[in-house]
Amino acid sequence: MDSRTCRPICAYVFFRTRVSDTRGEPVTGAPGEQSEWYQQPLRTDADADVPDLAPPPLTPAQAFDALYAYCAPTLVQQTYLLTGRRQQARDAVERAFQLAWQRWPEVAVDRDPAGWVRATAHEYALSPWHRLRPRIPLSFRHLEPQPDDPTGRALLDVLMKLPPPYRRTLVLYDGLGLDLPETAAETEASTAATAGRLMYARATVAAHLPEPVAPDTLHRLLAELPAGIRPRPTKPIALRARADLRARRWIHAAIAFTTLLLTTTALTLHTAPDHYEPPIPQGTPIRGVPPRTAPGPLSESELELRAKLRSESTAGPERLHPEPN
């Protein structure tokens, strides 16, 4: 896996990619073969007056498509080394490019757009939320690509046993070819901590491989291990459409939540009391007043009166005439 850098040339719609090998020398095509525009060297001040060396103007969609076509295959292979699962690696890369399209004005003017997408894909692939993903059934485990040689299988197994920060450090330094400060910056760690992680990861890998390996050999193994992994046959226009759809859904959800919050606030303000009501004080006993006693049984005359009242009509003109004594 070669170290590749994408740099913006004009704020939003122009950018060019310089391809470099691990020694930092420009990579050129075959003799007589015309290189693509993103494989040409960066424009210098001496070439400012030469109109043929100016990059062609691109729309944002064309620039995004070129970045995806250039970086996606290698990025899927790198992410596979972090996850060990082909499906998860492809999902992480596609999610990173969707997020890049949503923030394209920011990504296009970034010093290293490919590095921005790579860091996003690695963080998404190593997210702890993936532990909640359903495991692959045993009957479908054979569909996952497995290395042919024992060294490759042992390397993949030991990579999955390493902690995610150590695994990412090893892939960036020995697999991708970044130097120690760049690896520390991308993993958000100090240079000393990154060096310690790298030494521990190398020692763990060397202890589990069937034969000792040198750093150059480890770089070759990390490059050959995911050689058969390819991204899905998804076109960049589909990724851009999914990113736009996801953004619209988030906007609609935010509008719905804001509407619900405003409605609840208005209802609360409407039903809330508009003046202060002091609480009812607790009653105090009054001395000198005899307590109220419970009524006792009715006398015979009271029982007769009650029966007479219940037997009489409760309505009608006859109630207006008094009874004779």
Side-chain angles (χ1 to χ4, degrees), residues 1-22 24 36-39 42 55 58-83 88-127 129-130 164-165 167-173 175-189 191 194 226 231-232 234-244 246-247 250:
M1 289 175 286
D2 298 334
S3 176
R4 302 173 180 180
T5 306
C6 296
R7 298 184 179 181
I9 290 184
C10 193
Y12 186 2
V13 296
F14 301 107
F15 77 85
R16 218 181 247 189
T17 306
R18 179 173 61 186
V19 184
S20 302
D21 59 4
T22 55
E36 296 292 338
W37 63 270
Y38 56 81
Q39 293 179 336
L42 290 175
L58 296 177
T59 63
Q62 291 174 344
F64 174 83
D65 296 350
L67 179 65
Y68 177 81
Y70 178 69
C71 300
T74 305
L75 192 55
V76 169
Q77 297 176 0
Q78 298 171 15
T79 313
Y80 176 74
L81 294 177
L82 299 177
T83 60
Q88 187 173 343
R90 292 172 174 174
D91 293 343
V93 173
E94 291 186 0
R95 183 68 185 94
F97 275 100
Q98 291 178 15
L99 188 60
W101 176 247
Q102 294 175 2
R103 303 180 182 180
W104 186 246
E106 172 189 348
V107 177
V109 299
D110 191 85
R111 184 181 61 86
D112 186 6
W116 193 98
V117 178
R118 179 181 64 241
T120 305
H122 289 185
E123 292 175 0
Y124 184 84
L126 297 177
S127 174
W129 292 105
H130 292 301
R167 191 187 319 156
R168 185 178 181 184
T169 301
L170 183 67
V171 171
L172 289 176
Y173 189 86
L176 189 58
L178 299 182
D179 57 11
L180 197 60
E182 292 177 346
T183 304
E186 187 156 332
T187 57
E188 297 181 353
T191 306
T194 304
R232 294 192 188 96
T234 305
K235 296 183 178 180
I237 187 174
L239 292 180
R240 290 189 274 109
R242 294 173 188 172
D244 294 338
R246 184 186 295 268
W250 276 107

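When a residue number appears, it is its place in the shown sequence, counting from 1. Hydrogens, waters and symmetry mates play no part in the numbers below; they use all other heavy atoms, side chains included.
- By the 4.5 Å heavy-atom criterion applied to side chains, Gln102 and Val107 are not counted as neighbours.
- Between Phe97 and Cys71, some side-chain heavy-atom pair lies under the 4.5 Å cut-off.
- Thr234 has its side chain out of reach of Arg90: every pair of non-hydrogen atoms, C-beta onward, lies at least 4.5 Å apart.
- Between Val76 and Ala89 the shortest heavy-atom distance is O-CB, 3.9 Å.
- Scanning all heavy atoms of the two residues, the minimum distance from Val117 to Ala100 falls at CG2-CB, 4.0 Å.
- Among all heavy-atom pairs drawn from Leu67 and Pro113, the shortest one is CD2-CB, 4.2 Å.
- Residues Arg168 and Glu123 form a side-chain contact, since some pair of their non-hydrogen atoms from C-beta on lies under 4.5 Å apart.
- Distance CG/Asp110 to CH2/Trp104: 10.0 Å, rounded to 0.5 Å.
- Pairing each heavy atom of Asp65 with each of Ile237, the nearest pair is OD1-N, 4.5 Å.
- Here the side chains of Arg118 and Leu172 are in contact, with some heavy-atom distance below 4.5 Å.
- Here Glu94 contributes atom CD and Leu75 contributes atom CG; the two are 11.0 Å apart, rounded to the nearest 0.5 Å.
- Taking all atoms of both residues into account, the shortest heavy-atom contact from Tyr68 to Pro73 is O-CD, 4.1 Å.
- A pairwise comparison of heavy atoms in Gln77 and Pro226 identifies CG-O, 3.3 Å as the closest pair.
- Annotation: side chain of Leu239 is not in contact with side chain of Trp101 (no heavy-atom distance under 4.5 Å).
- A side-chain donor-acceptor contact under 3.5 Å links Gln88 to the backbone of Ala125.
- Side-chain contact between Leu99 and Trp116 is present, with heavy atoms from C-beta onward closer than 4.5 Å.
- In this structure, the side chains of Asp112 and Glu182 stay at 4.5 Å or more apart for every pair of heavy atoms.
- Between Thr194 atom OG1 and Leu178 atom CG the span is 11.5 Å, to the nearest 0.5 Å.
- Considering CG of Leu176 and OG1 of Thr183, their distance stands at 8.0 Å, rounded to 0.5 Å.
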